[in-house]
Number of protein chains: 2
Amino acid sequence: MSLTLKDIAKEAGVSYATVSRALSGHPEVNKITRKKIIKIAEKMGYQPNAIAQGLVKNETKTIGLIIPDITNPFFPAIARGVEEAAIEKGYSTFLCNTNWNKNIEKKYLNVLIQKQVDGLILTPSSESTTHLKFIEELSPPKVFINKIINNSDTSIIIDNIKGAYQAVEHLINKGHKKIAYIGGEKYSTANKERLRGYKKAMQQNDLPVNNDYVKMKGFNRDSGYFIMKEMLLGESFEITAVFSANDMLALGVIQAIRESNLKIPEDIAIVGFDDIEFASLPEIQLTTVSQPKYQMGQIAFDVLYEKLKGQKANERRIILEPSLVIRETS
Amino acid sequence: MSLTLKDIAKEAGVSYATVSRALSGHPEVNKITRKKIIKIAEKMGYQPNAIAQGLVKNETKTIGLIIPDITNPFFPAIARGVEEAAIEKGYSTFLCNTNWNKNIEKKYLNVLIQKQVDGLILTPSSESTTHLKFIEELSPPKVFINKIINNSDTSIIIDNIKGAYQAVEHLINKGHKKIAYIGGEKYSTANKERLRGYKKAMQQNDLPVNNDYVKMKGFNRDSGYFIMKEMLLGESFEITAVFSANDMLALGVIQAIRESNLKIPEDIAIVGFDDIEFASLPEIQLTTVSQPKYQMGQIAFDVLYEKLKGQKANERRIILEPSLVIRETS
DNA sequence: TTGAAAGCGCTAACAG
DNA sequence: CTGTTAGCGCTTTCAA
């Protein structure tokens, strides 16, 4: 199958150690020899076997990026951020998608570790990481996104509580009193914190939190649609606004509301979270809490890179600021 | 850093070859020994080093998937298809995003080959693959998506010509005569074929193809917006419908039209291509040519898998059928 | 400046 | 059933 160092050494009439040195740019090689070797290697189309390199150098120049849902544009946006930061430093990133499934998450983690990635960036599906216990000791350096951790790992988080608080407060300022919370994966950090922000805003404005109007399921459009549909059917429906924990959910909520022939925002106002690209479409114009997605990815890689280079452990948490983008659904 | 076979061999008091056998499920190991070994390995949290395994077995149980734009939901949908098919067969997939950049594409290809992936699935940015010449000989088996190739590789394609033809014919049947074509990356197969389908439909209906109304740029929203904006500004604007080569483009086109206070579909009708999730939102309701995205991914992997297993080379091309989904923009 | 040789962690003959 | 050993492709001492 593949061309090895030996092949090109034979062709060049030198030992393969010399070829190795020439190709990896060691200084102690005769310039002429080096040039000759490089030329031959190119002509023959030699590609070093990164596997073997990794085996001896104990580094693979790859990182793993685990995300829960590639079909939610929020995550691809982050992925682009890490990918580009990584490529700049010569790292390849392996993107893995878990569908919010703990088992798949575990499986990928295993694979990635076995593949000896140098580092890991995770946006875990769940706050509990007991299923990830085994990695604690033997895994490579890692950075979490949107997940608070209590050990020595770093995490990049958005101030979810604040974002949610702003969103709900905005609704309250618009005169809404009966505001629903529609959330995603119950135990995810994102969900828990955004719910907290919601409650905080309600309480500080002396508004009651009615549990009939606090519902959660998955972070996707179907869930939003389904939950809203059910609420709308409730006997004494009286909601005038909903804060949904991400934009995909919001899109589902909107759909359900439309089907009831209610008007947005006149009858029901909506605020989302994330500010995915599609939230700004002229037909959608979703009011939402914006996160610096691309930047989060970039920072995540940069922090990871520092760790790999053994630099100071830095801050444990990097907290980014959300910002409310007011459009036409509120 | 890591725990090796030897460590657990020492602990178990056997040779490390035995450990290897026990753990990889060879039959010729004493049941009791095997159980003991497995227990110890688990307790110690042993993870085999896939790098080393790959080195000796010359297979890595990984495949590479290269896509041009992770932020266009079309590709994540395909990605999910391959990922899930892959995981079912015990393969991990490494997703790489090129941003339609040939150099990045080349770079990833290199990395992936160096990492000894067992196979490759590509949705190339460009019809020309001269920049990929070097892989022809030494690369692992590969499958192309949406790209016609003339060598021995397989490719999964949608009948783009037919899809485009249907789309345009639908517009013609609605009475439109002045129909624009707004395309993406000029040299991509998708663009070229969809353009061909457009022309074919026009010609077969005795409608002239006006080059002022055949424009292309990138396969994204901004391009669609920009091109449409320009057309709208043209002195003798007379278009009544546009066929855009993908949905992202269509979204941009819609936005431009909206800003001109024209009505869709009354003043201008629009048909897209792909049927991404967002095309079906109630606010969008984009008429579009639907592709079986998830399925394409699945098939791509399955075909690749057959190749890996050395099974018959099968068909060179697998052509899938598009289907026009008529919604409210036409 | 170069070659010889050890060894990274593992699998797969080959013996026993 | 289990141990010994060669070798996957490469980098890196150590000598020459």
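Please read these numbers as outputs of a predicted model, since none were measured by experiment. Chain letters run A, B, ... following the sequence lines, proteins first and then strands; every chain starts at 1.
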Legend entry - Positional range of nucleotides in DNA chain C within the contact set of chain B, heavy-atom, under 4.0 Å: C:dG9 to C:dA13
Legend entry - Contacts of A:Arg80 that satisfy salt bridge (charged side-chain N to carboxylate O under 4.0 Å, His left out) - sequence neighbours left out: A:Glu84
Inset, instruction - Sequence neighbours left out, what passes side chain to side chain contact (heavy atoms under 4.5 Å, CB included) with A:Lys107? Give chain and number order. - result: A:Val111, B:Ile87
Legend entry - Side-chain donor-acceptor contact under 3.5 Å, A:Asn110 with B:Gln47: yes
Inset, instruction - Rounded to the nearest angstrom, tell me the gap between atom CG in B:Asn30 and atom C1' in D:dG3. - result: 15 Å
Legend entry - For A:Phe74, ring pair (Phe, Tyr, Trp, His ring centres under 6.0 Å) partners two or more places apart: none
Inset, instruction - May I have all residue pairs that pass side chain to side chain donor-acceptor pair (under 3.5 Å) and include part of residues 16-25 of chain B, sequence neighbours excluded? - result: B:Ser15-B:Thr18
Inset, instruction - Please report how far the helix from C:dT1-D:dA16 to C:dG16-D:dC1 bends, comparing the axis fitted to its first five pairs with the axis fitted to its last five, to the nearest 10 degrees. - result: 40°
Legend entry - Pairs touching residues 59-73 of chain A that satisfy salt bridge (charged side-chain N to carboxylate O under 4.0 Å, His left out), sequence neighbours left out: none
Inset, instruction - For nucleotides 9-16 of chain D, just jot down a letter per nucleotide in 5' to 3' order: B, S or -, based on protein non-hydrogen atoms under 4.0 Å. - result: BBBBB---
Inset, instruction - Using the test ring pair (Phe, Tyr, Trp, His ring centres under 6.0 Å), find all partners of B:Phe94 that sit at least two apart in sequence or belong to another chain. - result: A:Phe94
Inset, instruction - Please name all residues satisfying ring pair (Phe, Tyr, Trp, His ring centres under 6.0 Å) with A:Phe219, sequence neighbours left out, ordered by chain then number. - result: A:Trp100
Inset, instruction - Please list, chain by chain and in numerical order, all residues satisfying side chain to side chain contact (heavy atoms under 4.5 Å, CB included) with A:Glu88, sequence neighbours excluded. - result: none
Legend entry - Partner set under side chain to side chain contact (heavy atoms under 4.5 Å, CB included) for A:Ile40, not counting sequence neighbours: A:Ile8, A:Glu11, A:Ala12, A:Lys36, A:Met44
